[in-house]
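Working notes for the structure below.
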Amino acid sequence: METKYDAFISYRHVPEDIKIAKEIQHQLEHMHIPGNLAKQIGKKKIGRIFRDKEELPITSDIAQDIQEALRNSEFLIVICSVHTSESQWVQREIASFLETHDKNRVLTVLVNGEPYDVIPPVLTEGMEPLSCDYRGSIRRARREELPRLAAAVLKCKYDDLVQRQRQYQMKKYIAAAGSVFLVMCTILAYYAWSNARIRESYLQTLKNQSRTLALQSMQKLNEGDRMLAIQLALAALPDEGRDRPLVAEAEAALASAVNAYIPEDSTNMEAAYRFEALGAVQFLAVDEDGDSHYFAYTDDEDKVYIWDTDGFVQTAELDLSDSEDRWRIRDLMMTGSMIYVLCTDSVYCVDCETGNITWRYETDDYQQMTGEIVCSNHKGELIVSSYDGIYILNERTGELLEKIENHAPVEHLPFELYETAGAEVEQVISSLSGDLFFYSEYTEDGYNVQVYDRTSGRKRQLLESIYSVRDFAYDENGCLLVLGNRAEQENSYDMYLTGYTTNYHMVSSQSEVLAIDIDSGLVKWEHTIPYWVSGEEWLLCTDQMLDASENTYSSVIVGCGNMLDILDMEDGVRRHHFEMPGGVLGNVYGSYTSDGLSKLQLGLKSGEWVLIDLLEGTMNAQVMFEHNIQEILCQNNRRFVWKMADEKDASELDVLICYDYNQYDKDWHELGQEELSMFDSLVPTEDGILVCNALEDQEIPTEEEDVIWPEHISYEHYIPVSVKIMEDMILVVGDTGVGTNLYRYQAQDGTLLGVTKLLSEASEADRVEFFFPDEDHLVLQIDQNVVMIRTEEWIVTATANGMYSIYEDVIYMKSGGYYGKLGYFPRYSLEELCQKAKEILKNETLDQETKSLYGME
């Protein structure tokens, strides 16, 4: 029978680390858990703690009993010191534990050194683990840090454990006071002292809670839940009527959550809101061509949810379920403020503002509408495909204007013969004028491609019995493009397991693009695309596209798997070819100059957002979203991202995230002509970046000044860039080769006091300036970056890029790339950041369940 452990302690076998490991094991196994709390969590004590007393050689594999202990332990406690990186054994134990556990089950204990030096890098990727500080006295660590470990292992709140322990101690004090009257004065004195210590401990607890909330705020911001990130950051800060100390991490989290110091015309994409669907999302719709500020989605319970994205308020919820047919909803489309819902027997038109059903078109009982809503054309018509043909409805009234029958309508055949004799309408497109319809019919012999002329009522066949049709595109100059395959091909698949489901991942396939002249029915040209990663397949025609010489040509954009080809519409010649790092999604967005299309943007299933410059022929893929992306839709300057739940995690839900494109700080102020007069001159540097040469009495040096470097300070691990010598402290900005840090030394003897990470990239700075706007803050300007630091904890509270200069409490900078604008921000006080946050929230508050989850009761 396997032995279960509450925790496994991993450590380097050196005296100092062994001492702390023994201390933690002994204290956890002998910790007293108050009765009320034990009853609440259903656990009277912490069970067994595994601590290996021997260390195997570096060349050894993890022993079987160690592997079993790691697998059967709920938590891994890693003792972190300057010796940890020397132990391959600790690294192996961490890797083995993470094979069967989430990273949030790993706890770290600091013995010595700085966290970013001693905590293994694998534990700091994505989110910082819970760390307990044992670098001071053991007595303090038992009182303040041990309960933090115990609370994590017991899965209870830190405050509950500490408060219940205090209550238990107080009961003992009171009992002793009642039985020994002669020592009353001593007890009273001790009680006063204890209260002071409790007060100190309480404030420390609040600081630790604030740091935890700040960390959770940054994590939620990375996940796309900006509103919750703002609320967690506010909860971590002092507020009216709340006795909570200020920590720099909370101020930094709030500045990030409210997009502080991001200038206008920046090209970043930031999450604005996160929706967790109650069920599995089936369809998502926004008005991609208009100015609508609504979006809608359906779930697997046949419910429709409508949201107003101006304030992120749900405006309506419609239940279209049927007791006899659960999967009624087949498609969803939005135009303007109207949503069209296709069900198996009906088409609904719903008003986004009110949630009212404007009209409903219902088919006969024996017909089923199992196709899709295709589009609305210039005639104000709604086109719906179905097995038995194409329905053309009036968008405004739902009136059936015309029905295009297929070759063998479903109602003319017995049901049992449908699979062998029926012809199922699938892909449908319409010309902009609405006079021509192109569609594919699926029969037992393959796909046929038809064209129907509404003016003459004539139907013609363009292609017959091809193996597959994936997508259509129509060039208004008389050319139909078909994406599919003429004949069956051999595809290659990988099989893998997700939860209880077997999935097949396409690794090798190909598709063909056929250009067909509508008048003659002849194939003008064809193009084959091989690809290797599964993804959607689609076509997009454009009127004008620019080539490298900025000449225009008509083009067709083809997405297949992980490949993107841009073809010349006239002859099918491939103008561009891009191989993506993941499967492409079926939406592409273009940026136009006055002459034609010059840039493309599209998303990948793996979470990258791809930017393509057609003039340069370059591609840049950036990880913007969570993985497992199902769909990305565009609405004005917003992107709606649908992320499928991970089937391996039963607790995960489908997520919809709204990203704002070109998100910036609304307090950005562009400098006008009168304000520009405050600058003595604007001088271009060699790299083309304008520099404010002077602001009143503050001058920016144009020549390198001599710097006197203190001889009693060692620069072994970095290259010093700039130094600031103060009365009791020396500040040095240093380049480590992979980043830029601020080093603080005691002025008298050069003792290192601490290190603050400033920038994630190395800096060969030509310009570094130190500003002390008040006694609590330091502002550093490093070339085009400004970093704001709270000096009580020496933690970065905000960073801004593209800077020029700082004068008093105003930050001057440029936005919009090389030809950007000059403007400025105020240097925000904490009160101003909180006000910005409250304006974004618009009175949105957390429910009690969320407060309890994050310990904000």
Minimum heavy-atom distance between [X] and [Y], given as atom pair plus value:
X	Y	result
S10	L76	CB-CD1, 4.0 Å
P129	V106	CB-O, 3.8 Å
D735	G737	OD1-N, 2.8 Å
R148	C132	CB-SG, 3.8 Å

Aromatic ring pairing W307/F275, orientation class (parallel under 30°, perpendicular over 60°, tilted between):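 W307 and F275: perpendicular rings.
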
Verdict with reasoning, R140 to E145, per salt bridge (charged side-chain N to carboxylate O under 4.0 Å, His left out): CA-CA 8 Å; R140 181 199 63 81; E145 302 299 318; 3.6 Å; yes

Gap between atom [atom2] of [Y] and atom [atom1] of [X] - 0.5 Å precision:
X	Y	atom1	atom2	answer
R226	I657	CZ	CD1	11.5 Å
Y134	D17	OH	CG	13.5 Å
I41	K157	CD1	NZ	13.0 Å
H13	D52	NE2	CG	5.0 Å

Do the side chain of [X] and the main chain of [Y] share a donor and acceptor less than 3.5 angstrom apart?
X	Y	value
T791	L778	no
K103	E125	yes
H26	K22	no
D102	N104	no

Residue pair S210 / R244, side-chain donor-acceptor N/O under 3.5 Å: yes

Test of ring centre spacing under 6.0 Å for Y743 and Y718: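 Yes: the rings meet the under 6.0 Å criterion.
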
For [X], does the [atom1] atom sit with more than 12 other heavy atoms under 6.0 Å from it, leaving out its own atoms?
X	atom1	result
K19	NZ	no
E775	CD	no
K757	NZ	no

Summary of side chain to side chain donor-acceptor pair (under 3.5 Å) pairs that have at least one residue in residues 107-116, sequence neighbours excluded: E16-N112, T108-S131

Among K155, K43, K4, the one residue meeting salt bridge (charged side-chain N to carboxylate O under 4.0 Å, His left out) with E74: K155

